[in-house]
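See below for the structure under consideration.
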Amino acid sequence: MPETLELAPGEVREAVASLRADWDMLLSVHGCDYLPAEPRLGVHYELISMTRLERLHVKTRLTIEQAEAGELHSVVDIYPSANAHEREVFDFFGVRFTGHPDLKRILMPDDYVGYPQRRDFPVGGEPVLFTFNEHETPRWYE
Amino acid sequence: MSATADTHDELLTLNIGPQHPATHGVLRLKCTLAGEVVIDVEPIVGYVHTGIEKSCEDHQYWKVVTFVERMDYLSYYFNSLAYCMSVEHLLGEEVPRRAQYLRVAHLELNRIASHLFWLGTSILDLGAMSPVFYALRERDQVLDLFEMSGGQRMHPRYFQVGGVIEDIPPGWETKVREFLVEMSERIDQYEDLLDRNEILLQRLKNVGVVPEKRLLELGITGPLLRASGNPWDLRKAMPYCSYDEFDFRIPVGTIGDNYDRYRVRMAEMRESLKIVEQALDGLPEGPFMTTNRKIALPPRNELATSMESLIHHFKLVTEGFRVPAGEAYVAIESPRGEMGCFVLADGSSKPARVHMRDPSFNNLQMVPDMCRGAYLADLIASVACLDPILGGVDR
């Protein structure tokens, strides 16, 4: 299994920038929720070196407050591949990447409320919209 | 062929999709056009988001295989392999060699089926009606083989954590060998039809060129990267599932235009045929599933005589197996690039997080680079040669 580098959210951007010369590609950025452990959220970066045939796993943990206050900086200008992945992490976990060029939801609808991949978000809690119940559904008029 | 916007002052925003046959699924493209020239294009995804990753958190490990197969619906064996390997890594479970060879044979057949579907639909996008019928005819034969070994044509749930669910039935090997011979001739026929076809050359040559450096920046993998001359293939670079025992080559292109992408995929099908043949020739004897009864279901015939087997069976079906806490990211080479699966285990019998790093999701980021400055008609060709599967993109 690849080496893991665990960093504080504030250090990630600098660390990734210093790794840029050695690691050819950033293949994935994904989030996860460690509920009930604190800090709850995790963001993982998967780097790969094509010459040394190695992987590096960069990992950071942050609380919900830190994530929503934007303490984690975007790495899109260092690795442009992070663009869609960071949007996905924002969409599902509510991690606000400071400095991301276009941070908006990617898979969920633009007007969606909540971050559905968090562990305290229920599975299947949403009413299905039909004509008969659309008036009872919150925000139907928007 | 590149064109420039010069005489056009007015820009037109054109929406393509999400329901459009040329977008290979429900992909929406917001194009900014100057006349017929694409100035910018923004791919918008999410129209088939079904929350599979969220649903996985609510199901036991062995039931999740069914879910992940439905993500990228043309390369289901690859989805389930990435997931199974991730869980096997967390469990520290070794997969028997026979299972590994059976996996390789099915993976490569799946790669052929996936490339065939790509071939048919992409050439259809360029205006040729007949190749789609030919390609789907051969793909159907692969699906027949899948039906024979796993019981279903698509999403067969054949790979399990710890091995494969069943040994191959008698006669399967003969059928596969017949197919390999026929398919090899079929690829010759496709290439005779297409390789030097005047229309195809004009539509694909020098269209959608993206330099290798930019592809690396964008994290593009698979045939798209190999078409630009970079021989990056996880099967060779970081072998898994005993791929290091097989003799095959990695086809690469030269400049990374759409024609190279087409040629690379055609050549990959030939290499896959070679791998399947080697997998059948060298198929080791032995169990097709791990013998660890904490993970694998006991054989059906033991249930009537062995109390212990009955208990294992009952525990596995009602509760599932527990996976020690930890996290793993395992990547394999799917027909579209690096298919990674991240599994976070919290020690219970259900995963706390299953994330698929789907190659199509990442590869869609190169659409603007492929299409800027090209004609709108070439955008369709470029998206086709990108081969996105929207089920995998949106999950």
Side-chain angles (χ1 to χ4, degrees), chain A residues 1-2 4 20 23-37 42 44-55 57 59 76-85 87-89 91-93 102 104-110 112 115-119 121-126, chain B residues 42-51 53-59 89-90 213-221 225 230-232 234 236-239 325-331 337-338 340-344 346 352-359 361-366 369 393-395:
Chain A
M1 221 39 199
T4 305
R20 179 68 180 96
W23 300 86
D24 299 295
M25 278 206 270
L26 174 68
L27 283 168
S28 176
V29 180
H30 45 258
C32 58
D33 187 349
Y34 291 96
L35 186 81
H44 300 242
Y45 300 78
E46 304 290 343
L47 296 165
I48 201 163
S49 160
M50 294 175 133
T51 45
R52 281 167 295 146
L53 307 183
E54 274 177 2
R55 285 178 184 277
H57 186 86
K59 173 181 164 184
V76 173
D77 49 337
I78 306 167
Y79 286 104
S81 59
N83 192 329
H85 297 278
R87 275 177 67 190
E88 191 189 329
V89 177
D91 194 353
F92 287 137
F93 293 95
D102 187 22
K104 59 184 183 193
R105 289 188 181 270
I106 186 164
L107 294 182
M108 301 302 286
D110 286 339
Y112 195 78
Y115 301 107
Q117 286 281 2
R118 287 188 184 169
R119 291 287 274 162
F121 194 95
V123 181
E126 254 175 78
Chain B
E42 185 192 354
I44 299 172
V45 298
Y47 291 95
V48 278
H49 175 64
T50 41
E53 288 178 0
K54 185 73 179 173
S55 305
C56 291
E57 293 172 14
D58 208 33
H59 289 83
H89 177 83
L90 287 169
K213 186 169 170 289
R214 181 67 183 155
L215 292 176
L216 293 179
E217 281 176 3
L218 288 171
I220 310 296
T221 43
L225 179 61
N230 186 328
W232 180 251
L234 285 177
K236 281 274 192 220
M238 299 172 179
E327 52 198 27
Y329 175 86
V330 174
E338 164 157 332
C341 182
F342 172 81
V343 175
L344 172 68
D346 58 2
R353 169 105 168 109
V354 177
H355 172 75
M356 281 284 178
R357 186 268 183 204
D358 195 272
F361 179 75
N362 189 82
N363 292 355
L364 270 183
Q365 295 188 90
M366 76 186 264
D369 286 85
V393 174
D394 292 349
R395 282 156 287 152

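Residue numbering restarts at 1 for every chain, and letters A, B, ... go by the order of the sequence lines.
- At a 4.5 Å heavy-atom cutoff, the contact between A:Asp33 and chain B is made by backbone atoms alone.
- When heavy atoms are compared at a cutoff of 4.5 Å, A:Ile48 approaches chain B solely by way of its side chain, counted from C-beta outward.
- Side-chain N or O atoms of A:Ser28 include none that pairs as donor or acceptor with a backbone N or O of A:Glu46 at under 3.5 Å.
- Heavy atoms of B:Leu344 lying under 4.5 Å from chain A belong exclusively to its side chain.
- Remark: the backbone N or O of A:His30 is not paired with any side-chain donor or acceptor of A:Glu88 at under 3.5 angstrom.
- Looking at A:Arg20, only its side chain comes within 4.5 Å of chain B, counting heavy atoms on both sides.
- With hydrogens and angles ignored, the 3.5 Å screen pairs a side-chain donor or acceptor of B:Arg357 with a backbone N or O of A:Leu27.
- Put simply, the side chain of B:Gln365 gets close to the backbone of A:Ser81: a donor and an acceptor are under 3.5 Å apart.
- The parts of A:Leu53 that come within reach of chain B are both its backbone and its side chain, each placing non-hydrogen atoms under 4.5 angstrom from that chain.
- In this structure, the portion of A:Pro116 lying under 4.5 Å from any heavy atom of chain B is its backbone and not its side chain.
- No side-chain heavy atom of A:Tyr115 sits less than 4.5 Å from a side-chain heavy atom of A:Met108.
- Using a 4.5 Å cut-off between heavy atoms, A:Glu54 touches chain B through its backbone atoms (N, CA, C, O) alone.
- Side-chain contact between B:Leu234 and B:Trp232: present, with at least one pair of heavy atoms (C-beta onward) separated by less than 4.5 Å.
- For A:His44, the part lying near chain B is the side chain, with the backbone staying farther off; criterion is any non-hydrogen pair under 4.5 Å.
- Of the residues considered (B:Arg214, B:Arg395, B:Glu327, B:His89), B:Glu327 shows the highest number of contacts with chain A, using heavy-atom pairs under 4.5 Å.
- Ring pair B:His49/A:Phe92: centre-to-centre distance below 6.0 Å.
- With a threshold of 4.5 angstrom between heavy atoms, A:Arg87 does not approach chain B through any atom at all.
- At a 4.5 Å heavy-atom cutoff, the contact between A:Asn83 and chain B is made by backbone and side-chain atoms alike.
- Contacts of B:Glu217 with chain A are made by both backbone and side-chain atoms, with heavy-atom separations under 4.5 Å.
- Neither the backbone nor the side chain of B:Leu364 comes within less than 4.5 Å of any heavy atom of chain A.
- Ring centroids of B:Tyr329 and B:His355 are separated by 6.0 Å or more, keeping the two rings apart.
- Rounded to the nearest 0.5 angstrom, B:Leu218 CG and A:Tyr79 OH are separated by 13.0 Å.
- Most heavy-atom pairs under 4.5 Å with chain B: of the set A:His57, A:Arg105, A:Arg119, A:Lys59, this distinction falls to A:Arg119.
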